[in-house]
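Following: one structure in structure tokens, then a few remarks.
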Amino acid sequence: MIIDSHTHVFDRSVGGAEENFPLWPGVTHGASGPDLLRQMDGAGVDKAFLISYTAVDVMAHYRPDKRDHLVSVFQHYLTKDYFIRVWEENPDRFVWFADSIDPRVPGYVERAEQDLNRGAAGLKLLPLFVDTELGDPRWRPIFELLQDRGKPCIVDLSWWYADQPWFSPRVYGKYETYTDYVQGLRELAADFPVVKIQLAHYGTPRLQDRGDPARTVYYDRLQEPIELMRAYSNLSCDLSACQHLIPKNEPFPYWSALRVLKILVDELGAARIHWGTDWPYLRAQPYSELVRAIREAPFLTASDAEKILGLNAQKFLGA
């Protein structure tokens with residue numbers, strides 16, 4: 001079974017989609033539920049983790065000078081109701097992970113519990129997007145909920161955005177290194193060892209310097225998230241957005257991205273890595289080719305490829 005452990009969808013049926021979607025980068029291959037299903041079928045992908053968020057959830061990502069406009073536009077296309085509808089209509093293809101968790105707003109634990117009661121397989125946490133860090137004690141009740149319910153979570157640490165002063169003002173400049181920053185996660189991983197945690201985007205190390213015209217990839221920066229995962233058996237990571245490292249004209253098998261996987265496998269073994277894309281943000285490479293790159297990676301055994309492409313995600317879900 002092949003499982004994409006990190007996807008999102010947009011409602012393209014809402015009026016104005018053709019005019020408004022060019023404002024959102026990275027949706028070259030489509031963005032709706034039907035688009036995703038069609039491409040899953042073409043690539044032989046059996047299931048996907050469907051991670052719901054809204055325009056408000058990810059607004060910290062928008063530059064301040066564009067934020068109000070983009071939130072106004074994408075509130076119509078990026079809605080929790082649409083994620084849930086796509087999941088409910090295709091329960092054999094999608095596993096729902098609920099987002100919209102902001103510990104600054106009272107009732108956040110109850111709202112998360114309501115999503116789990118509705119059938120969410122787990123929760124997605126975006127601490128820096130809500131201007132907090134996992135060392136904030138308000139995150140602990142969420143992990144208590146996950147522990148009580150026997151559910152996993154996906155954590156986007158967003159370290160690669162932490163150098164933007166407008167992204168998470170309370171955290172900006174507070175930590176010199178990734179290792180310093182993840183101390184809060186270390187405490188949670190240690191205190192809640194039964195809670196399975198998938199680190200989104202291979203832990204979000206900043207592998208490329210912002211504004212570098214050469215787009216040099218500093219693979220040595222993977223060592224800090226590797227050391228983090230090595231220390232806690234309940235931590236794993238997905239490969240989502242790894243394809244963003246691939247230059248536009250780089251030929252298959254896309255070694256700029258594949259080298260990330262090789263380093264992770266060499267350091268952690270294949271059992272801690274989940275294939276994922278962050279669909280629809282594929283950039284230039286089609287969905288099927290990203291699957292094939294894993295299948296044909298010369299440094300993977302057939303067994304390791306099966307683990308990365310789906311078996312590890314199944315175990316993460318408790319299947």
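Owing to the predicted nature of the structure, the values given are computational and were not obtained by experimental measurement.
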Q.
One thing to verify: whether Arg230 and Glu227 come together as a salt bridge, which I'm taking to mean a side-chain N less than 4.0 angstrom from a carboxylate O.
A. yes
Q. Is it true that a side-chain atom of Asp4 and a backbone atom of Ala48 form a donor plus acceptor pair closer than 3.5 Å?
A. no
Q) According to the interplanar angle, ranging from 0 to 90°, do the rings of His6 and His201 count as parallel (below 30°), tilted (30 to 60°) or perpendicular (above 60°)? A) tilted
Q. In terms of side-chain geometry, is the basic nitrogen of Asp57 or Lys80 positioned less than 4.0 Å from the acidic oxygen of its partner?
A. no
Q: Would you mind reporting whether Arg295 and Glu306 have side-chain heavy atoms less than 4.5 Å apart?
A: yes
Q.
Within the 4.5 Å heavy-atom criterion, are Val86 and Trp96 side-chain neighbours or not?
A. no
**Q.** Donor-acceptor contact below 3.5 Å, side chain Tyr161 vs main chain Leu128
**A.** no
**Q.** Side-chain touch Leu70/Leu23, heavy atoms, less than 4.5 angstrom
**A.** yes
Q. Got Pro225 and Cys237 here, is their nearest side-chain heavy-atom distance under 4.5 Å?
A. no
Q | Short N-O contact, Lys174 and Glu133, less than 4.0 angstrom | A | yes
Q: Identify whether the distance between the nearest side-chain nitrogen and carboxylate oxygen of Asp115 and Arg111 falls below 4.0 Å.
A: no
Q) In terms of ring plane angle, is the pair Phe143 and Phe192 parallel, tilted or perpendicular, where the classes change at 30° and 60°? A) tilted
Q: Verify whether the ring centers belonging to Trp24 and Phe10 lie closer than 6.0 Å.
A: yes
Q.
I'd like to check Val9 versus Trp279 (side-chain heavy atoms, cut-off strictly below 4.5 Å). Are they in contact?
A. yes
Q) Under a 4.5 Å cut-off applied to non-hydrogen side-chain atoms, are Ile246 and Arg283 in contact? A) no
Q.
Keeping Gln243 on the side-chain end and Thr277 on the backbone end, is there a donor-acceptor pair under 3.5 Å?
A. yes
Q) Within 45 degrees of the axis of the six-membered ring of Tyr178 and under 6.0 Å from its centre: does Arg221 put its NZ or CZ there? A) no
(Q) Please check this pair: side chain of Asp278 against backbone of Ser240, looking for a donor-acceptor N/O pair closer than 3.5 Å. (A) no
Q | Asp238 with Arg272: basic N within carboxylate O range, under 4.0 Å | A | no
Q. So, Phe129 versus Phe167, ring centres under 6.0 angstrom or not?
A. yes
**Q.** Lys151/Glu113 salt bridge by N-O under 4.0 Å criterion
**A.** no
Q. Do Asp81 and Thr79 have side-chain N/O donor and acceptor atoms under 3.5 Å apart?
A. no
**Q.** Arg210 with Asp163: basic N within carboxylate O range, under 4.0 Å
**A.** yes
Q: Would you confirm whether His244, through its side chain, and Tyr281, through its main-chain N or O, come within 3.5 Å as a donor-acceptor pair?
A: yes
**Q.** Passing candidate, side chain to side chain donor-acceptor pair (under 3.5 Å) with Asp191, options Arg140, Gln147, Arg186
**A.** Arg140
Q) Which ILVMFWY residues can you reach from Val95 by hopping between side chains whose heavy atoms are under 4.5 Å apart? A) Met1, Ile3, Phe49, Ile51, Phe97, Ile154, Phe316, Leu317
**Q.** Stacked cation flag Arg12 on Phe21, 6.0 angstrom / 45 deg
**A.** yes
Q.
Looking only at the aromatic ring of each residue, does the gap between the centers of Tyr82 and Tyr77 stay below 6.0 angstrom?
A. no
Q. Is it the case that Ser236 and Gln198 place a side-chain donor and acceptor less than 3.5 Å from each other?
A. no
Q: Flag the pair Leu146 / Ile142 as yes when at least one side-chain heavy-atom distance between them is below 4.5 Å, and no otherwise.
A: yes
